[in-house]
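When reading the values below, keep in mind they use all heavy atoms of this one structure, side chains included, and skip hydrogens, waters and symmetry mates.
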2 protein chains.
Amino acid sequence: MTRSRSRRANEAWEALLTAHASLMKRFAAEPIWGELSMREYDVLYTLSKHDEPLRLFELGRGVLLSQPALSRLVDRLADRGLIERTPDPEDGRGVRLDLTEAGRERQRRVGGRHAVDVARAVTAALTDEEIALLEAIGRKLAAQGAATPAQRNRQEAVL
Amino acid sequence: MTRSRSRRANEAWEALLTAHASLMKRFAAEPIWGELSMREYDVLYTLSKHDEPLRLFELGRGVLLSQPALSRLVDRLADRGLIERTPDPEDGRGVRLDLTEAGRERQRRVGGRHAVDVARAVTAALTDEEIALLEAIGRKLAAQGAATPAQRNRQEAVL
DNA sequence: TTAAGGTAGATGCAAACGCATGAAGATTGG
DNA sequence: CCAATCTTCATGCGTTTGCATCTACCTTAA
C-alpha cells in the first residue's frame with residue numbers, strides 16, 4: 001500500500017539532503033572562491049545563465065534566501081561592481097539585474113574552477129547512466145517544487 | 001572524451017541543487033514547524049536517528065553549518081529544554097548530546113507532519129523506480145562527499 | 001615524562017539573515 | 001475613473017551566522 005511508498009519517498013529525500021550537505025561542505029572547503037561566498041556565486045551564476053536581465057523576484061526563485069536577504073545581497077554585489085541594477089522601464093516597481101563585465105568575468109573564473117571540482121566528485125561517485133538519471137530526476141523534482149504556489153487559506157479563514 | 005562526461009556531471013549537480021532549493025522552499029512554507037526553524041528541526045531529527053548520544057562534531061557532519069553556529073544552535077535548543085548536554089566521560093573536551101523527552105516528542109510531532117509533505121511532493125513527481133534510484137544515487141554521492149577529508153597541504157607547504 | 005602538535009568545543013565581533021513592515025507602482029472591480 | 005487590493009522591492013530591528021581566536025584536553029614521540 002501507500003505506506004511503503006511514502007516511506008521510500010522520505011528515505012530518498014533524506015538521501016538527497018545528505019548528498020547535498022555533504023558535497024556542499026566539500027565544495028565550500030575548496031580554495032577557489034576568492035572574495036565570493038557560495039551564495040554570491042550562486043547569484044552571479046544564475047544571472048550568467050540568462051541573456052536578458054532578471055528581475056529580483058525571478059532571481060529569488062532559484063536562490064534559497066528570503067527576499068530581503070536577496071535584496072541586500074544584490075546591493076553588495078552592485079556596490080562591488082559585479083552586478084548592474086537598473087529600474088525596469090516596463091514596471092516602475094521592478095529592478096533589472098545584469099552582470100557587469102567584471103561580474104561576468106568573475107563568474108567565469110570561479111565557475112570554471114568550481115566545475116572541475118563538481119565534475120571530479122560526481123564522476124567519481126556515479127556511472128554515466130546514474131548521472132543521466134540524477135539530472136532527469138532532479139528536473140522532475142524541481143518542477144514539482146515550483147508547482148502549486150499556494151493554497152493555505154484554511155486556518156486563517158476559520159478565525 | 002572526458003569533456004562530455006564532466007559537462008553532464010555538472011548539469012546533474014545543478015539539477016540536484018535546483019530540486020533541493022525548490023523543494024526546501026516549498027517545505028519551509030508549510031505551516032507545520034511551530035517554534036522550530038528547519039535547521040533546528042534538522043538537528044533534532046539527526047539526534048532522533050541515533051540511540052546513543054552524539055558528539056557535537058558528529059552532529060556537524062550532517063548539518064550544513066559552521067562549528068560555532070552549530071555550537072550555539074545546540075545552546076539554544078538546550079536552553080529550551082529540547083536537548084540535553086552532558087560532558088563526555090571518555091573525552092574531557094567533548095560533549096554528549098541527546099534529545100530530552102520533550103525534544104523527542106517535538107521531533108515526532110513536527111517530523112510526522114513534515115514526512116507527509118515530503119511524501120506528497122516526492123511521490124507526485126517520481127515513479128517508484130525513480131524514487132529507489134534517487135535514494136541509491138543520493139547515498140553514493142553522500143559517500144563521495146564524506147571521503148577524502150583533506151589533502152590540501154600543497155600551497156601552504158610551498159610557502 | 002613531557003614538550004609539541006592536534007582536536008573539540010566555546011566566545012568576541014562584524015557581517016548577514018529573517019520577519020515585520022513600509023512605500024510605490026500595478027491591477028482589478030464597481 | 002478611482003478606490004481597494006496586490007505585487008515588487010527596500011528598510012528597521014532583533015537574531016543567527018561565519019571567521020578568527022581561545023581554552024582545555026588528548027595524542028604522539030623523543
Consider the side chain of [X], meaning its heavy atoms from C-beta on, and name the nucleotide among [options] that approaches it most closely.
X      : options                   : result
L56(A) : dA10(D), dG18(C), dA10(C) : dA10(D)
R72(A) : dG9(C), dC13(D), dC17(C)  : dC13(D)
F57(B) : dA10(C), dA24(D), dG9(C)  : dG9(C)
R93(B) : dG18(D), dC9(D), dA24(D)  : dA24(D)
Q67(B) : dC17(C), dG9(C), dG18(D)  : dG9(C)

### Message
Could you check whether any side-chain heavy atom of V43(B) comes within less than 4.5 Å of a side-chain heavy atom of L82(B), counting everything from C-beta outward?
### Response
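No. Closest side-chain heavy atoms not under 4.5 Å.
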Is [X] near enough to [N] that one of its side-chain N or O atoms lies under 4.0 angstrom from OP1 or OP2?
X      : N       : answer
S66(A) : dC17(C) : no
R76(A) : dC17(C) : yes
R55(B) : dG9(C)  : yes

### Short side-chain to backbone donor-acceptor contact, T100(B) and G81(B), under 3.5 Å
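Yes; at least one donor-acceptor contact below 3.5 Å.
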### Message
By the 4.0 Å heavy-atom rule, please label R85(A) as base, sugar-phosphate, or nothing.
### Response
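If one applies the 4.0 Å heavy-atom cut-off, R85(A) turns out to touch the sugar-phosphate alone, with no base involved.
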### Query
Just checking D91(A): base, sugar-phosphate only, or nothing, at a heavy-atom cut-off of under 4.0 Å?
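Touches sugar-phosphate only.
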### Message
Less than 4.0 angstrom from a charged side-chain N to a carboxylate O is my criterion; do R85(B) and D75(B) meet it?
### Response
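Looking at D75(B) together with R85(B), the answer is yes, because their closest N to O distance falls below 4.0 Å.
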### Message
What I want to find out is whether D91(A) reaches R55(A) closely enough, with some N-O distance under 4.0 Å, to be called a salt bridge.
### Response
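Salt bridge: yes.
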